[in-house]
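Every chain is numbered from 1, with letters handed out A, B, ... down the list of sequences.
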Amino acid sequence: MLMSKLFVQTLREFPNDAEAISHKLLVRAGYIKKLMTGSYTYLPLMQRVLTKISNIIREEMNASGAQEVLMPFVQPASIWEKSGRWAVYGKELARLKDRSGNEMCLAPTHEEVVTSLTEGILSSYRQLPVNLYQIQTKFRDEIRPRFGLLRGREFTMKDAYSFHSSQEDLDREYEVMSKTYTKIFERCGLETRAVQSDSGAIGGKVSHEFMVLTDTAVGENDVFYCGKCGYSANSNHAISILNETETDGGFSSQEKVYTPDTRTIEQLAEFLNIKPNNILKSVFCIVDDKPVLVMIRGDKELEETKLLNAVQGLEMRYGTDEEIRQYFNCEPGFLSFLNINKEIKVIYDDTSKTMKNFVIGANEKDYHIVGYNFKETPETVDVSLVKEGEKCPVCKAPLHVTRGIEVGNIFQLGTKYSKPMNACYTDEDGSLKPFIMGCYGIGVTRVAAAAIEKYHDDFGIIWPKEIAPYHVVVVPVNVSDELQMNTAKDLYEKLQKEGIEVVLDDRDERAGVKFKDADLMGFPLRITVGKTINEGLVEFKVRKNGEMIKIAPDDVINKCKEYLK
RNA sequence: CGGGAUGUAGCGCAGCUUGGUAGCGCACCUCGCUUGGGACGAGGGGGUCGCAGGUUCAAAUCCUGUCAUCCCGACCA
């Protein structure tokens with residue numbers, strides 16, 4: 001490719017509307033251009049990167065036995081009604097009507113389509129297992145698209161769906177996919193960690209997310225992990241062993257105490273001269289318009305996804321002060337589960353189980369009850385957020401936390417879709433059974449963005465060689481110098497013949513401009529043809545570590561091959 | 001949807017307080033000069049000042065509404 005012909009315009013400054021470094025660099029280096037919020041055109045350089053990632057995915061998926069298909073992007077409401085998700089998916093599902101008034105939606109995912117696809121094709125246990133995948137555009141009308149390609153509304157995804165006649169076979173395929181994913185990301189130059197996670201809107205029981213761990217702030221997930229045994233989980237799923245020794249409040253008897261102006265746990269702890277973990281706090285939430293009171297140890301935070309799972313809700317928010325007064329007839333800060341309105345569902349977090357002689361609100365302004373003990377220990381459930389330093393549930397070593405970018409996930413769906421959609425096969429014994437299913441996603445565009453988040457410096461992108469748009473850029477310093485230009489052209493042609501992907505920066509620009517652009521665009525290797533060609537030498541430079549050597553033009557091909565192998 | 005900010009040329013910004021010819025840098029075009037880390041000189045093209053109302057002799061500037069974008073919280077590959 002000739003740089004002078006490449007459809008690209010680099011910017012001297014970062015765009016103002018970008019926050020994440022991958023977003024800034026992709027725009028500035030001329031890889032993407034925004035059309036509207038969350039929708040980007042992939043310019044030629046970007047398209048090459050995405051093609052490379054897609055090809056790696058294809059190779060590995062095919063090797064694992066999966067088969068590629070391509071399903072429609074616009075889908076009929078009817079199948080979503082059948083699965084039950086038309087009603088629950090919410091505003092994220094972009095809905096539209098065709099000219100006859102039929103309801104349809106833009107594909108955010110394809111469980112419904114793939115499940116209905118089996119009709120008339122998959123009918124016998126003898127045909128199982130099957131794993132179908134596609135690489136396709138998805139559209140999710142996200143509440144808040146941001147960070148460029150890290151979370152667009154329109155994005156490219158590889159999604160795979162498997163069909164099985166037994167849980168054991170699903171377990172086997174799940175393992176195969178897990179290994180395949182690790183390999184795919186490795187080949188893309190990314191180290192990932194498979195973490196346990198909540199299964200969210202897709203549904204199912206077992207699921208893992210593949211995280212690229214970052215220390216930058218844009219990772220949108222907190223990942224808790226154990227350095228000793230390797231346990232790792234998304235914060236919405238992580239658990240820890242409770243420290244039971246410090247939860248005795250030490251009060252000798254139960255008593256109502258005047259505690260004026262103690263609206264927060266900190267204020268109350270200070271006032272009573274106790275630790276926050278001796279208080280059982282009351283967190284009032286509204287889940288799907290119904291009141292829920294969560295009792296949780298004072299030093300712990302509510303984890304919202306866990307709560308939604310615990311009460312089988314779809315949407316939660318914290319109650320307003322006004323709602324608290326309405327439901328409790330009491331000022332915020334003094335609530336408890338005692339003598340409350342029966343409409344309110346009370347959830348006890350696991351942390352409440354081991355508490356003794358603790359403090360709770362009195363449901364009366366300016367009063368708390370100290371030295372309280374449960375007469376009967378209530379049924380508890382885990383709805384609290386793990387904190388760094390708490391003990392690993394597997395080996396009891398302290399847990400660490402880091403940010404992660406989710407680039408892929410795998411779910412065991414079971415019969416969540418096949419059952420309601422009545423997608424069945426005939427088993428050995430002649431009976432009809434719903435398929436046992438799994439699904440497996442990779443955010444192709446997100447992989448590219450994550451690679452940049454991970455690999456960049458002050459000068460620009462540093463692509464892993466496997467997914468770089470081109471391997472090498474050849475830079476003649478002075479295009480009007482015949483020897484330089486001819487040498488550069490010659491190298492360019494020879495590299496191409498060797499199957500090395502190369503750009504010739506033939507623009508009549510000063511060297512500085514070309515160097516800056518080469519660094520910004522992130523090509524792994526740069527061959528500079530300058531004055532030293534008069535002594536028969538060109539410069540070979542590695543983007544990643546800045547290593548630079550002078551070699552004869554004839555050695556360039558071998559040197560490139562050596563580096564790229 | 002709640003809280004904060006911003007909309008002026010492809011990009012980055014000034015001008016607005018105190019209404020009066022729409023500007024600067026980058027990018028783009030022409031010519032000259034230059035050629036190892038975003039040179040320089042001269043000339044040039046490009047903007048319904050987000051949109052709609054209102055106030056005024058006159059609005060980028062003041063007022064009202066609206067839309068969009070970005071950031072912080074509830075979503076997810």
Side-chain angles (χ1 to χ4, degrees), chain A residues 9-20 23-24 27-28 30 33-34 36-38 57 89-93 108-109 135-160 181 197-202 209-212 217 220-221 234 236 285-287 304-305 307-308 314-318 320 405-411 439-450 459-460 475-481 484-485 507-520 526 528-533 538-539 541 548:
Chain A
Q9 175 65 59
T10 57
L11 304 175
R12 195 172 288 231
E13 288 161 289
F14 282 120
N16 185 35
D17 60 358
E19 176 74 4
H23 186 192
K24 287 180 175 175
V27 172
R28 188 168 160 205
K33 188 166 189 289
K34 181 165 74 179
M36 57 178 175
T37 305
I57 293 173
Y89 212 99
K91 288 185 182 165
E92 211 181 303
L93 186 63
T109 176
I135 296 174
Q136 202 211 28
T137 292
K138 299 279 187 268
F139 189 88
R140 296 182 185 174
D141 199 356
E142 297 276 354
I143 294 163
R144 189 143 96 85
R146 59 179 151 172
F147 300 146
L149 298 191
L150 280 175
R151 188 201 289 186
R153 291 197 293 179
E154 185 168 331
F155 59 98
T156 305
M157 180 173 167
K158 188 285 302 183
D159 45 330
Y181 271 33
S197 74
D198 181 70
S199 48
I202 307 287
E209 292 170 344
F210 285 77
M211 296 281 190
V212 174
E220 296 199 277
N221 297 272
N234 192 310
N236 64 23
C285 309
I286 305 287
V287 179
E304 301 174 9
T305 306
L307 175 64
L308 286 176
L314 294 171
E315 238 181 317
M316 80 78 76
R317 62 180 172 82
Y318 291 98
T320 62
I405 300 170
E406 184 188 351
V407 288
N409 61 23
I410 54 180
F411 293 102
C439 78
Y440 320 90
I442 292 177
V444 177
T445 34
R446 194 180 270 184
V447 167
F459 298 103
V475 180
V477 168
N478 184 348
V479 294
S480 38
D481 180 307
Q484 288 183 25
M485 197 57 194
R507 296 176 299 170
D508 185 11
E509 289 285 354
R510 296 169 67 84
V513 173
K514 299 193 202 184
F515 292 160
K516 290 282 183 194
D517 277 345
D519 288 348
L520 188 59
R526 187 180 87 199
T528 310
V529 185
K531 277 180 187 153
T532 55
I533 191 61
V538 299
E539 185 180 296
K541 190 170 188 196
M548 191 258 278

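The NE2 atom of A/His23 sits 8 Å away from the P atom of B/C70 (whole-angstrom rounding). Nucleotide B/A74 holds its P atom 14 Å from the CG atom of A/Leu307, rounded to whole Å. Separating the CZ atom of A/Phe210 from the P atom of B/A77 is a distance of 13 Å, rounded to the nearest angstrom. The CD atom of A/Glu142 sits 17 Å away from the P atom of B/C1 (whole-angstrom rounding). Residue A/Arg140 contributes atom CZ, which lies 8 Å from atom P of B/C76 at whole-angstrom precision. Spacing between atom CD of A/Glu304 and atom P of B/G73 amounts to 11 Å, rounded to whole angstrom units. One atom, CE of A/Met36, and another, P of B/U69, lie 9 Å apart when rounded to the nearest Å. Whole-Å rounding puts the A/Lys91 NZ to B/C76 P distance at 15 Å.
When both distances must be under 3.5 Å, the Watson-Crick or G-U wobble mate of B/G12 is B/C24. Using N1 to N3 plus N6-O4 or O6-N4 for Watson-Crick, or N1-O2 and O6-N3 for G-U wobble, each under 3.5 Å, B/U48 pairs with nothing. If you check B/U35 for Watson-Crick or wobble pairing at under 3.5 angstrom, you find it has no partner at all. In a base pair of the Watson-Crick type (N1 to N3 plus N6-O4 or O6-N4) or a G-U wobble (N1-O2 and O6-N3), with each distance short of 3.5 Å, B/A5 is matched with B/U69. Nucleotide B/U30 has B/A42 as its partner under the Watson-Crick or G-U criteria, with both atom distances under 3.5 Å.
Nucleic acid contact class of A/Gly460 (heavy atoms, under 4.0 Å, all strands): none. The residue A/Glu92 sits close only to the backbone: its heavy atoms come under 4.0 Å of sugar-phosphate atoms, none of a base. Within 4.0 Å of A/Glu406, counting heavy atoms only, lie sugar-phosphate atoms of the nucleic acid but no base atom.
For B/C72, the OP1/OP2 oxygens have a side-chain nitrogen or oxygen of A/Arg146 closer than 4.0 Å. Remark: A/Lys34 is in phosphate contact with B/C70, judged by side-chain N or O atoms under 4.0 Å from OP1 or OP2. In terms of phosphate contacts, A/Thr37 brings a side-chain nitrogen or oxygen within less than 4.0 Å of OP1 or OP2 of B/C70. Distances shorter than 4.0 Å separate some side-chain N or O of A/Asn409 from OP1 or OP2 on B/A77.
Contact detail for A/Phe139 and A/Glu154: the closest heavy-atom pair is CD1-CB, 3.9 Å. The heavy-atom pair separating A/Arg507 from A/Lys514 by the smallest distance is O-NZ, 2.8 Å. What you find for A/Pro145 and A/Thr37 is that their closest heavy atoms are CG-CG2, 3.7 Å.
Straight-line distance between the P atoms of B/U8 and B/G54: roughly 24 Å, to the nearest whole Å. Nucleotides B/G2 and B/C62, compared at atom P, are 26 Å apart to the nearest Å. The P atoms of B/G65 and B/C76 are separated by 35 Å, rounded to the nearest whole Å. Nucleotides B/C40 and B/C26 have their C1' atoms positioned 16 Å apart, rounded to a whole Å. Comparing the C1' positions of B/C49 and B/G19 gives an interatomic distance of 14 Å, to the nearest angstrom. When the C1' atom is compared between B/C71 and B/A52, the two are found 27 Å apart, to the nearest whole Å.
Of the candidate nucleotides B/C71, B/C75, B/A77, B/C71 has the atom nearest to the side chain of A/Phe147.
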Could you tabulate the donor-acceptor pairs under 3.5 Å formed by side-chain atoms of residues 9-17 of chain A, not counting sequence neighbours?
{"residue": "A/Thr10", "atom": "OG1", "partner": "A/Asp517", "partner atom": "OD1", "Å": "2.9"}
{"residue": "A/Asp17", "atom": "OD2", "partner": "A/Lys34", "partner atom": "NZ", "Å": "3.1"}

Tell me, for nucleotides 27-38 of chain B in 5' to 3' order, what letter each nucleotide earns: B for a base near a protein heavy atom under 4.0 Å, S for only sugar-phosphate near one, - for neither?
S------BBBBB
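Between A/Asp141 and A/Lys91 there is no salt bridge, since no side-chain nitrogen of the basic residue lies less than 4.0 Å from a carboxylate oxygen of the acidic one.
A cation-pi geometry, defined here as NZ or CZ lying under 6.0 Å from the six-membered ring centre and within 45° of its normal, holds between A/Arg526 and A/Phe515.
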